[in-house]
Amino acid sequence: MTAPVSDSRPLYLDAINAQRAALPGQTVPAIRTLREEGQARFAELGFPTARLEDWKYTNVSAIAGQLFKPVNGALATVSSEQLHSHLFADLPAHRLVFVNGRHAPALSSVGKLPAGVIVGSLAEILATRPNIVEPHLGKIAPTGTNGFTALNAALFADGACVHLARGAVAEQPIYIVYVSTGDTDSVMTTPRNLVVLEESAQATVIEQYLALDDARYLTNVVTEAALGANSRLEQYRLQQESTKSYHIGTWYVRQARDSRFISHTVDLGGLLARNDLHDILGAEGAECEFNGLYVVDGRSHVDNHTCVDHAKPRGTSREYYKGVLDGMARAVFNGRVVVHPDAQQTDAQQMNNNLLLSRNAEVDTKPQLEIYADDVKCSHGATVGQLDTDALFYLRSRAVDEQTARDLLTYAFANDVLSRMKLAAIRLPLEQRLTTRLLRGRSLNELELI
Amino acid sequence: MLSIKNLQASVEGKPILKGIDLEVKAGEVHAIMGPNGSGKSTLANVLAGRDGYEVTGGSVTYQGKDLLALKPEERAREGVFLAFQYPVEVPGVSNIYLLKAALNAIRKHRGLSELDAMDFLTLVRERLKLVEMKEEFLYRAVNEGFSGGEKKRNEILQMAILEPALALLDETDSGLDIDALKIVANGVNALRSPERAMIVVTHYQRLLNYIVPDRVHVLAHGKIVKSGDKSLALELEKQGYAWVTEDAPRASA
């Protein structure tokens with residue numbers, strides 16, 4: 001571990017200067033400009049501090065106090081056998097695997113794609129078809145909302161690029177895997193993903209973040225998604241980073257008329273994870289649904305910041321986040337909903353429920369509604385609590401011992417979020433993981449009857 | 001089977017049961033009647049072991065054991081079953097999962113092997129008929145979104161599968177229309193047996209037209225003020241509770 005420094009900014013700026021020339025796409029003017037902006041914004045902002053309202057409950061001084069060396073090109077070797085047990089094996093998908101932030105073609109398998117569908121690594125597409133990327137990259141996510149997004153803009157070298165032309169349908173999901181492995185202590189990856197769906201296109205995109213060993217690294221990812229009119233994107237995001245790692249993820253989504261965006265966010269790993277999901281319902285009739293689950297224990301910290309911008313009339317948003325906290329874990333939920341003056345007949349609902357299994361766990365949950373239109377339906381609710389004592393007694397009165405009853409109710413609470421996932425090939429393995437975690441490995445075979 | 005002696009219990013520091021004495025033999029059905037607030041449901045909950053009901057005196061002996069020393073799950077394994085007045089919704093836990101977990105916990109306690117999936121389903125399907133429930137109820141979360149009548153039938157279904165030695169029915173008739181009441185009563189009657197005792201707690205005599213008790217007790221102000229055979233229930237129906245309860249304050253003074 002590098003010795004802590006009071007301001008790591010110059011170290012990062014040096015690293016950016018050293019790497020810049022070698023980054024892919026530097027010959028594309030829009031990309032070069034994006035990186036320069038990122039660098040300038042990072043020089044200005046540095047890492048966020050607790051003085052900023054948005055970072056009040058999430059302290060990133062452990063990240064700011066040292067240099068996490070940007071990885072660029074140094075690939076650790078990973079065999080498909082090593083990777084296999086970590087993947088969703090029963091999921092037929094177009095798979096892109098990235099090892100320490102760089103595309104690993106040998107581990108990837110993108111099958112025959114339907115007409116109008118492009119799936120590839122960002123570096124490769126920047127080299128071969130920059131016109132796919134140029135109009136969108138850095139246009140959906142602002143470059144410098146904070147030091148992390150600025151740093152990502154300055155340093156991104158690779159990521160997934162998904163593009164669906166008008167009316168194209170990707171029947172098989174697009175499965176993006178980020179693997180951290182090898183000597184990754186104090187290393188930072190800055191993946192950048194771009195998903196573009198033109199009018200009436202349909203796709204399912206899975207992002208999975210995992211580690212093969214227990215290193216202390218930083219993932220600083222930015223994903224941008226543009227949904228054309230009447231398109232449909234279902235996104236799964238599974239954070240299973242190492243228990244010593246930091247995960248900072250930023251998602252910016254922009255939706256056109258009558259488009260539909262569904263997001264499933266599951267945080268099961270990481271020492272500190274921060275997710276910013278920002279969705280702009282930029283045209284009439286756009287719909288979004290965010291489902292989130294975080295299961296946190298030890299000294300881990302998970303922060304979900306969501307923001308839905310209802311910019312135009314008749315938009316619908318649904319947010320449903322649940323958390324289970326044990327040990328000395330801490331969670332933050334901040335759900336911001338902005339209804340702009342134009343956005344009449346907005347229908348926005350938000351719910352955040354938390355279960356505390358230990359006295360030392362802590363949750364800060366905050367709905368943040370800003371409504372500037374008058375004909376709207378907006379609701380929100382947040383709970384932080386223990387298990388329902390009536391349900392507990394009911395199960396015990398049916399001969400179930402107290403610990404099993406507690407575990408079962410905890411599992412049911414959390415599984416409620418997973419049950420909203422359509423893809424069984426993802427849902428079932430995650431349920432299995434939840435079983436191991438919350439049912440202490442006890443069998444749920446009986447559930448197979450269902 | 002069950003011997004209750006001078007049982008006293010408080011809820012939130014307030015005495016509710018003020019000395020209950022009751023003897024129930026195997027094969028008998030006892031009805032506990034009484035006005036609202038007389039302590040009927042408290043008695044059922046104390047016997048099932050619910051938290052928040054503090055026993056302040058007396059004893060309960062069940063099949064020779066000190067019932068009050070057992071945890072709720074231990075009581076259930078020993079054959080005590082409470083049909084809830086307000087069955088609890090348990091989102092995310094399916095009916096069939098709970099039935100299987102419960103039945104196997106009880107079988108294990110009795111030294112029996114777990115039922116395999118086929119035998120279990122055969123048993124459950126047969127008992128579903130008893131309470132006229134569709135199989136789809138098995139796969140729904142416990143009581144979630146069930147109507148009042150469906151919840152009560154579900155309680156009787158659980159009872160039919162778990163085959164308790166002592167069944168406590170807490171206001172099982174409340175909120176039921178006459179058709180649902182008949183179904184529930186038929187289910188209960190089918191489970192009457194020489195080995196099984198039942199305590200039926202009810203406010204109204206109506207249920208006792210369908211589940212005919214061997215003994216009727218009237219509870220008032222935390223004490224049994226009158227006991228008799230089934231004709232006592234009819235008498236109460238005619239005369240109202242004032243007939244028996246007006247003496248009670250004097251009796252406890």
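In what follows, chains are A, B, ... by sequence order, proteins preceding strands, each numbered from 1.
- Within a 6.0 Å sphere centred on OH of B/Tyr86, heavy atoms belonging to other residues, nucleotides or ligands number 12 at most.
- In terms of heavy-atom pairs under 4.5 angstrom with chain A, the leader among B/Val88, B/Val93, B/Leu162, B/Val142 is B/Val88.
- For A/Arg398 (side chain) and B/Ala102 (main-chain N/O), no donor-acceptor pair under 3.5 Å exists by modelled atom type.
- Residues A/Ala412 and B/Pro91 come closest through the heavy atom pair CB-O, 3.4 Å.
- In this structure, no portion of A/Leu392 lies under 4.5 Å from any heavy atom of chain B.
- At a heavy-atom cut-off of under 4.5 Å, chain A is reached by B/Asn45, B/Ala48, B/Gly49, B/Arg50 from residues 36-56 of chain B, listed in order of number.
- Of the inter-residue distances, the one linking A/Leu408 atom CG with B/Tyr97 atom OH reads 4.5 Å to the nearest 0.5 angstrom.
- With a 4.5 angstrom heavy-atom cutoff, B/Val90 touches chain A only via side-chain atoms.
- Comparing B/Leu103, B/Ile106, B/Leu82 by how many heavy-atom pairs each has under 4.5 Å with chain A, the most go to B/Leu82.
- Enclosure of atom CZ in A/Arg420 by more than 12 non-hydrogen atoms of other residues, nucleotides or ligands within 6.0 angstrom is indicated.
- Of all heavy-atom pairs spanning A/Val400 and B/Leu98, the tightest one is CG2-CD1, 4.1 Å.
- Two rings, from A/Phe393 and B/Phe84, have their centers less than 6.0 Å apart.
- The interface of residues 57-76 of chain B with chain A, defined by heavy-atom distances below 4.5 Å, comprises B/Lys71, B/Pro72, B/Glu73, B/Ala76.
- The number of heavy atoms from other shown groups lying within 6.0 Å of CZ (A/Arg433) does not exceed 12.
- For A/Asp390, the parts lying near chain B are the backbone and the side chain together; criterion is any non-hydrogen pair under 4.5 Å.
- Under a cut-off of 6.0 angstrom, the local environment of CG in A/Asp90 is sparse, with at most 12 non-hydrogen atoms contributed by other residues, nucleotides or ligands.
- For the residue pair B/Asn143 and A/Tyr394, a side-chain donor N or O sits within less than 3.5 Å of a side-chain acceptor on the partner.
- The neighbour count for B/Glu136 CD, taken as heavy atoms of other residues, nucleotides or ligands under 6.0 Å away, is above 12.
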